[in-house]
Number of protein chains: 4
Amino acid sequence: MALPKFIAARTEEVQAKRERRKEARPGELLDAALDLFVEKGFAATRAEEVAARAGVSKGTLFLYFPSKEELFKAVVRENISGRFAEWNDEFQAFDGSTADMVRYCMRVWWDRLGATRASGITKLIIGEARNFPDITAFYQQEVIKPAQDLIRRILQRGVDRGEFRIADMDYALFSITAPMVFLVMMKHSLGACMPQDYPLDPERYLASQVDTLLHGLLVRGDEKNDKNDKNDKNEPGEGRKKK
Amino acid sequence: MALPKFIAARTEEVQAKRERRKEARPGELLDAALDLFVEKGFAATRAEEVAARAGVSKGTLFLYFPSKEELFKAVVRENISGRFAEWNDEFQAFDGSTADMVRYCMRVWWDRLGATRASGITKLIIGEARNFPDITAFYQQEVIKPAQDLIRRILQRGVDRGEFRIADMDYALFSITAPMVFLVMMKHSLGACMPQDYPLDPERYLASQVDTLLHGLLVRGDEKNDKNDKNDKNEPGEGRKKK
Amino acid sequence: MALPKFIAARTEEVQAKRERRKEARPGELLDAALDLFVEKGFAATRAEEVAARAGVSKGTLFLYFPSKEELFKAVVRENISGRFAEWNDEFQAFDGSTADMVRYCMRVWWDRLGATRASGITKLIIGEARNFPDITAFYQQEVIKPAQDLIRRILQRGVDRGEFRIADMDYALFSITAPMVFLVMMKHSLGACMPQDYPLDPERYLASQVDTLLHGLLVRGDEKNDKNDKNDKNEPGEGRKKK
Amino acid sequence: MALPKFIAARTEEVQAKRERRKEARPGELLDAALDLFVEKGFAATRAEEVAARAGVSKGTLFLYFPSKEELFKAVVRENISGRFAEWNDEFQAFDGSTADMVRYCMRVWWDRLGATRASGITKLIIGEARNFPDITAFYQQEVIKPAQDLIRRILQRGVDRGEFRIADMDYALFSITAPMVFLVMMKHSLGACMPQDYPLDPERYLASQVDTLLHGLLVRGDEKNDKNDKNDKNEPGEGRKKK
DNA sequence: AATGAATGAGCTTTCATTCAT
DNA sequence: GATGAATGAAAGCTCATTCAT
């Protein structure tokens, strides 16, 4: 009898929220956390702000994730490492030339990671790796190692099939990751430091880097072979000039 | 009305400190600050730790620099922006081919910045630009703009002398800075994330990037010209294969 | 990544505190703050001490008030400026002679402000106005101006009804506020400097000051009118009809 | 031989300073300290600022005064308590009516203290007495007590000579000091809080307060006597013979 | 006598995490 | 499950005072 109108008024609203509770909560929190971690970095992201952006209270955040660090790990798993299995399968099933496989790899990386918010995590790691050794170790094991293994397998396939000639596998790996790192830096941080808008078109940049790389990697005699392979269905051809 | 909490018989120790008073202090503090800023970033570096590393107390730091932000700016001036004048003069006086000038520029950058601790400041800026707008603005004005102007002048010289053919100056600038940024990331952060030590030889990496770039920039007919210019006295030639 | 430093078995104590949560907190903090601001002044009052006196921790204070300055403003609003509306209404409804209105005003001021802890805020402002311009501006706008306007309206009513003859309104205002200020100084500060207890009876002092003032303000012909309204000098009679 | 020109250049300048050293130093420091204490209060006045204003270094200040508190006491002695002996003699030698003596007292106070910077010390004491018990005790003993004794002697003289009729000596004292305190508050603090410039003429205010007081104090039969002595209300007559 | 570099306790404010409801 | 009030360690900066020169 005391505050019936007030309680009644809140009931519907609360009801509405209950609908998407339990299962939705962690996802909303991870989503908010990704935004904020990418925007501010790990240390500067406040737990309360994550909760607020997810529409829940601070307490609820810690109900789902025992600490800010665990929240971060969950964000990484959700957005990056959790997908390696799928990608591994995808590349396992790939049956074009290895040159196309490399091109496809680059493109998939850009479409599914590089161009998304998730790439900001790389920037975050670069900035804060040394301050959070646990996170660094986690990232190293859950992201960097699998990614390198994946790329390494691709390159090794090229070698095994006589398509690639690779003197130093580590150096080759690095030639593939370097442009990725650079693009991500531009996108998430350096771009903001530039006086004018940088006219960097990520897809063209990546394509040109890949081509440069391939012409160094490819066994010379096979070069024309590569050209012929280019139109396979997985990678419909790079001939575009713009965009 | 604070009371002296210690009567102290550390006379000798204090004596030793007085020796290198006033002139030495700011330098020692800047040195310690550079170390810590590079290691931990701006936000995570505690003023007291800087002071401790310089062998003084918290209060002494603020005797020389009115705030952490001013300390950071002083570090940047000391290690980067304060040197642009000298570099500008150096390039003003350069009279070889512009291709050699670009090679020389890259090499000078690596020797005097990239290979030193100061390059860590770039990593710091990448990680924290968005959280400290004042610092970003300062860095943008004191470092990025002068650096771009310097490089732009070099490229323009190439164009004016008929050596270079440049369609888009901004894009050309970016082709020069990209490898710098990438190297710095590897050195200060990603390297620590790598399972094995990356076998990246910075000087070879830079040289190869420059060559790739030049063969795109150079006016075709002048290409042999460039080859001839290579032996100018300022930068006696890049023909080395290793290291 | 702070760690809980205590596991704490103070359950009962905590229980008791939760009882009067949220609604009670701000009031308790304002109460403690008023005590300490009056006792020590603004600058010398430590936030932690306010919190401790309110029975909460340092952090809790800043949960309710974003800064020490805002805490102070809230204290002023709670104890002084928030009451002007009510007082304005009260005087709007007054329908005795304006002389009685002045006496009533003095008495109300003493009963509701002068005699309470809140009057110590005046002492604080006197001592620290020059060191905290923001606070001074706030106090000037939220307290001094409304108070002067209120008194000015009373005096103007006397003039409009032919009861008072006032040459200089500002000077007249000052004649009313001077004894208030003096009493407050005695109560909160000078009294503590006096060797013996000062035998100052505030109510008698105020009544005598008012009478002196009125005999100067009153239009001579009305003087006997006024005389009729008042019964004794300690208790000057409250001819008001309403409220 | 090392820096002869530099040393020579400084010599003259230093020489000039030596001229007024030793004796002048404490006076300059007291002068600067009075300014700053009055402007900012005791706690908020920084020792270094006092030294700077006196043209010496921080260390020198503590060479002459062992602590900020002692500096303050010295300021009080220099500007207030050190003068009581002289004033006592002056009043000892006075041989006009006691009414004139009271008027003279008020005027002398205003001319030599109230109207000078030194009156700001009263404001300072009001604001900070409770925070600095040592200072309060000192002020109480060195200023308030002598001042009260002086006034008390004057009033007692009036009683002894049959000029005054005083029921309660403490209350009478207070009637004399109240206007002094009020004027000082207006001058040093409240004035700054007032929206418009207050039209308070200190000398008229004091004269009128004294007259009001005297007509209450004076034995009725002597009243006409007193009337004869005074000429106009702005300048209430200086019946004193000496000095 | 004079200097000023050095000190460190002390103050306001922030924020991850806890826990009674 | 969800909440949000409460905590307290930690960080930047100030300033009276000391003391070797």
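Because only heavy atoms are used, hydrogens play no part in the values below, and waters and symmetry mates are left out as well, while side chains stay in. Computed from a predicted structure; not experimentally measured.
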Side chain of [X] (C-beta onward), nearest among [options]:
X: D:Arg46; options: E:dT7, F:dC13, F:dA16; answer: F:dA16
X: B:Ser57; options: E:dT7, F:dG1, E:dT17; answer: E:dT7
X: A:Phe62; options: F:dA16, E:dT18, E:dT7; answer: E:dT18
X: D:Ala47; options: F:dT17, E:dT12, F:dA5; answer: F:dT17
X: B:Thr60; options: E:dT7, E:dA5, F:dA5; answer: E:dT7
X: A:Ser67; options: E:dT12, E:dT17, F:dC13; answer: E:dT17

So, do [X] and [Y] sit near enough that their side-chain heavy atoms are less than 4.5 Å apart?
X: C:Leu71; Y: C:Leu30; answer: yes
X: C:Thr60; Y: C:Ser57; answer: yes
X: A:Thr45; Y: A:Phe72; answer: no
X: B:Arg77; Y: B:Phe138; answer: yes

Is the phosphate of E:dG4, meaning OP1 or OP2, less than 4.0 Å from a side-chain N or O of D:Lys58?
no
Should C:Tyr64 be listed as having a side-chain N or O under 4.0 Å from OP1 or OP2 of F:dA6?
yes
Run the ring-ring contact (aromatic ring centres under 6.0 Å, His included) test against B:Phe132 and tell me which residues pass, sequence neighbours left out.
B:Phe42
[atom1] of [X] versus [atom2] of [N]: gap in Å, rounded?
X: C:Phe65; N: F:dA6; atom1: CZ; atom2: P; answer: 12 Å
X: C:Leu63; N: F:dT3; atom1: CG; atom2: C1'; answer: 13 Å
X: C:Glu49; N: E:dT12; atom1: CD; atom2: C1'; answer: 14 Å
X: B:Arg25; N: E:dG4; atom1: CZ; atom2: C1'; answer: 13 Å
X: B:Glu48; N: F:dA11; atom1: CD; atom2: P; answer: 8 Å

Give me the residues of residues 30-38 of chain D where at least one heavy atom lies under 4.0 Å from an atom of DNA chain E, by number, or none.
none
Distance (rounded to the nearest 0.5 Å) between [X] [atom1] and [Y] [atom2]:
X: A:Ile135; Y: A:Glu128; atom1: CD1; atom2: CD; value: 7.5 Å
X: A:Ile126; Y: B:Ile126; atom1: CD1; atom2: CD1; value: 6.5 Å
X: C:Lys40; Y: C:Leu36; atom1: NZ; atom2: CG; value: 6.5 Å

Within 6.0 angstrom of A:Glu48 CD, more than 12 heavy atoms from elsewhere
no
Could you run through DNA chain E and flag its stems, i.e. three or more consecutive Watson-Crick or G-U pairs with both distances under 3.5 Å?
E:2-21 with F:2-21
Qualifying residue, where the test is salt bridge (Lys or Arg N to Asp or Glu O under 4.0 Å) with C:Glu39 and the options are C:Arg53, C:Arg117, C:Arg46, C:Lys123:
C:Arg53
Would you kindly compare C:Gly59 and B:Thr45 by the position of their nearest DNA chain F nucleotide and give the one closer to the 5′ end?
C:Gly59
Closer to the 5' end of DNA chain E via nearest nucleotide, is it D:Leu61 or C:Glu69?
D:Leu61
